[in-house]
Every structure is written in structure tokens, then in C-alpha cells.
Enquirer: 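Just dropping this structure here.
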Amino acid sequence: MKKHNFNSGPSILPQIVMQQAAEAIVEFNNSGLSILEIGHRTPFFTGVMEEARALVKELMQLDDSYDVLFLHGGATTQFMQIPMNLLDADETAAYCDDGVWGSKAIKEASLFGKALVVASSKDKGYTYINKGFTVPTTAKYLHITSNNTVEGTQYFTAPDVSVPLIADMSSDIFSRQMDFSKYSIIYAGAQKNMGAAGVNVLVVKKEILGKIKRPIPNIMDYQKHIEAGSLMNTPPVFAVYVALLTLKWIKASGGLAEMERSSIEKSSLLYSTIDSLPVFNCKIAVEDRSRMNAVFFLNDNTLEAPFLDLCKKEGMVGVKGYRTVGGVRVSMYNALPLESVVAFTDLMKSFAASI
Ligand SMILES: *Cc1c(COP(=O)(O)O)cnc(C)c1O
């Protein structure tokens, strides 16, 4: 049976990307070698790295004041690598406490300097985006989580602040058009919306670097990575290649405008179905509901297990809520076809009718 893949990450990738990646494992670009066995400093791979870096910039419409790095370690490494590069011990960085991932970033930053929480939505279980806050002008930067994968909230306007803005876009990168030049750093683990696990992308406005006193180990130093063309040491070659294939697929499908159109179509269908069926409820403030991860509950929680069982039986994969949140979570990343959301909402309706 065909599965509908609503996994939150690693998650669904375009079919064509998987075919191309599989072909490259057998033989990469008529090289007589697999992508898994080519040298990372050969033109075969340096071409991949250069094209991937350029495509990120092109899709985000950023100029040469920005650089793009593909780094090891997942988004979690960036929780510490960002303050290590930007925040001296006697300085303050501002953070929005937007959910599970944002609070981890705050903890890590406090190892390097002062992490000041300027906004939090913890008071209401992270069910909304806190918008009325101010940031001290002395803060080195403000960090937000643009989409909260676990809780199901998303920023639809960037905070208007005078300090450099940094966003963890792990779960909504390349899902919509926006003015990316408002950000000084954008980072994301690849495994949600742009590829396979094992690499993260970091987009950085170069002028914010090189301003701290702390010595930075080479492998953690963004400036050194920029100088090395994102090839300081062996990069995760295959993961970078899958990211390139996904970026090409995004461009060929109509770019961020099309990703946004499709994600509005899918998420509107799902949320309107939730709202129309009294069995289900979504606690997220309507204007902050994530288009990527819809988190919702059954009003009668004894119905949760039977609903999830039915989903499993019908080939709906990955819809159980995060372990600390519970309920249902449906992730609708770029590669998820509308037909999967149609199938899921049909299932919701028949479940509601059966009880
Ligand atoms: C998944 C996720 C992370 C963690 O990513 P890793 O690559 O596992 O380190 C961080 N932030 C957000 C918003 C995420 O969704």
C-alpha cells in the first residue's frame, strides 16, 4: 500500500530526488565512481558544493554580503556555534523562548554569555507567538525559531528589531517567500525541508563576524569555513548532494512562490477540516498556526489511540504527536503532495462520522 508520509523529520523528500540520489550512489555523473567514493576536493564534488551554495542564495535572493555554508552537526550544533562566534562572555544576546528547540538554544547560549529571554509563550504551553516585546539595543542579536516543529506555531512576520536577527528555520526553510535580507543568520538542519540528515545549512551576513575576543576553534569558526569555501574538512558529501538535488527540485517546481502556494493549500485544507469537526481541536492561536506542522488533539482523549490506530492501518505515517506534547502532529513539508492531505482529511471525516 502507498504510504502517506507525514513524518516530522527526517521526512518526505521528492520522489525524483530519491531516484537521482539512488542513481548517484551507483554512479555519479559518468565519473565511473559512486558519489560515496569520490574525493571531496575533486571537481566532481567542488562543483556540487558551489552549485548548492549558489542556489541557496538565489532562492533567497541574497547578495554577496551573505555567504552560505554547509556544516556538520545538525541544527543543534548551531545552538552553541552561533553564540561561540558572536557572543563574548560579558555580552548579552536576546532570545525568544518559542518552544522546545528555542529553549535548547537559550541553554546553550548561556554557556557563552548572557542569554536574555525577551519573549516567551511558555505561559500558554507555547500555543502562540509572543509578538509584543522589546529588545535592548545593546543585545548582540535576537534569536527566534521561525517554525516550531514540536508545538505547531510559526512566525508570519519577522520581529522588527534594530539588532541582528537570527532564525532557526530548520522546519520551514524554503517553504515560503520572505525578505531573507532581514536576517543576519538563517540556519536549518537539512532533514526536514531540504534533504537528508547529516548536514545543516547556514546563511550568514559576513559583516556580523569577526567582532569578538574569544578564540574560536577552527572547526567552529564561521569565518574560517567561509575562507575554505565550506570545505575546511570532509563535508557530509552525500547529504550535501541530496540537498543540492532538493534545491534544484524546488527551483524547477516554481521556486519559493510555488512552495508557499502549495503549503497554504495543504495547511488550509487540514486546519479547516480540524475546525469543522467537533471531535478534533487545535489549541494554536489561529494567526500563528504553522503551515508545516499542524498539532491538534481529540477532545475525548480516549479516542486518540483508536484514531492513531486507524491512521496506521490506512498507511498514514508519522502522525503521532511529539512525546512531550501528545495528540496528533501532521507535518506538511514541501515534498508532501496535496493528495496525502486530502487522504488524511477524508480519514478524519470518516472517523468523526463513525463515533
Ligand atoms: C529538528 C529541529 C532541530 C534539531 O535539528 P538536529 O538537526 O536534529 O540537530 C532544531 N530546531 C528545529 C526548529 C527543528 O525542527
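Keep in mind that what you see is a predicted model, and the values were worked out from it rather than measured. Note that ligands are numbered from 1 as they come in the structure, with each ligand's atoms numbered from 1 the same way.
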Enquirer: For atom 7 (O) of ligand 1, what is the closest protein heavy atom, and at what distance to 0.1 Å?
Expert: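 Its nearest protein heavy-atom neighbour is Q191 NE2, 2.8 Å.
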Enquirer: Taking heavy atoms and a distance under 4.0 Å, where does T76 meet ligand 1: side chain, backbone, both or neither?
Expert: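 T76 to ligand 1: contacts from backbone and side chain alike.
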Enquirer: Could you check whether Y95 and H143 have their ring centres less than 6.0 Å apart?
Expert: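 Yes: the rings meet the under 6.0 Å criterion.
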Enquirer: Any heavy atom of K104 closer to ligand 1 than 4.0 angstrom?
Expert: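 Judged by the 4.0 Å heavy-atom criterion, K104 does not count as contacting ligand 1.
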Enquirer: Hey, does G189 come in under 3.5 Å of ligand 1, counting only N/O atoms on both sides?
Expert: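 No - when backbone and side-chain N and O of G189 are compared with those of ligand 1, no distance drops under 3.5 Å.
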Enquirer: Show the atoms of ligand 1 that are less than 4.0 angstrom away from any heavy atom in G74.
Expert: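 That gives atoms 7 (O), 9 (O) of ligand 1.
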Enquirer: For R53 and D67, indicate whether the former's side chain and the latter's backbone hold a donor-acceptor pair under 3.5 Å.
Expert: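 Side chain of R53 to backbone of D67: no pair is present.
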Enquirer: Are D288 and K131 close enough for a salt bridge, meaning some N to O gap below 4.0 Å?
Expert: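 Looking at D288 and K131, the cut-off is met.
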Enquirer: Quick one: which residue pairs count as a side-chain hydrogen bond (donor to acceptor under 3.5 Å, both in side chains) with a foot in residues 224-244, not counting sequence neighbours?
Expert: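 Non-adjacent pairs meeting side-chain hydrogen bond (donor to acceptor under 3.5 Å, both in side chains): N218-K224.
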Enquirer: Nearest protein heavy atom to atom 11 (N) of ligand 1, by residue and atom, and its distance?
Expert: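 It is D168 OD2, 2.6 Å.
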Enquirer: Please classify the Y187 to ligand 1 contact at 4.0 Å (heavy-atom distances, strictly less than): side chain, backbone, both or neither.
Expert: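 Neither part.
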Enquirer: Ignoring angles and geometry beyond distance, decide whether T149 reaches within less than 3.5 Å of ligand 1 through its nitrogen or oxygen atoms.
Expert: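 It does: an N or O of T149 is found under 3.5 Å from an N or O of ligand 1.
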Enquirer: Can you see whether F297 has K283 sitting over its ring - NZ or CZ less than 6.0 Å from the centre and within 45° of the normal?
Expert: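 Yes, K283 and F297 form such a contact.
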Enquirer: Which atoms from ligand 1 have a heavy atom of S170 less than 4.0 Å away?
Expert: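 Heavy-atom distances to S170 below 4.0 Å select 10 (C), 11 (N), 12 (C), 13 (C), 14 (C), 15 (O).
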Enquirer: What I'd like to find out is whether the side chain of K313 reaches to under 4.5 Å of the side chain of L310, using heavy atoms alone.
Expert: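 Yes. Closest side-chain heavy atoms under 4.5 Å.
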Enquirer: Starting from atom 5 (O) of ligand 1, what is the nearest protein heavy atom, named by residue and atom, and what distance separates them?
Expert: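 Minimum-distance protein heavy atom for atom 5 (O) of ligand 1 reads A75 CB, 3.6 Å.
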Enquirer: Strictly distance-based, threshold 3.5 Å: is any side-chain N or O of N85 a donor or acceptor partner for the main-chain N or O of M220?
Expert: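 Pair found, side chain donor or acceptor close to backbone of M220.
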Enquirer: I would like to know whether F180 and Y66 meet ring-ring contact (aromatic ring centres under 6.0 Å, His included); could you show each step before the answer?
Expert: CA-CA 10 Å; F180 292 96; Y66 286 84; 9.5 Å; no
Enquirer: Strictly below 4.0 Å, N to O, side chains only: are D275 and R289 in salt-bridge contact?
Expert: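 Salt bridge present between D275 and R289.
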Enquirer: Hey, does T145 come in under 3.5 Å of ligand 1, counting only N/O atoms on both sides?
Expert: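 No, there is no polar N/O contact under 3.5 Å.
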Enquirer: Among all protein heavy atoms, pick out the one at the shortest distance from atom 2 (C) of ligand 1; state its residue, atom name and that distance to 0.1 Å.
Expert: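 Sorting protein heavy atoms by distance from atom 2 (C) of ligand 1 puts K192 NZ, 2.4 Å first.
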Enquirer: Would you kindly specify which portion of N200 sits under 4.0 Å from ligand 1, judged on non-hydrogen atoms: side chain, backbone, both or neither?
Expert: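 N200 to ligand 1: no contact under 4.0 Å from either part.
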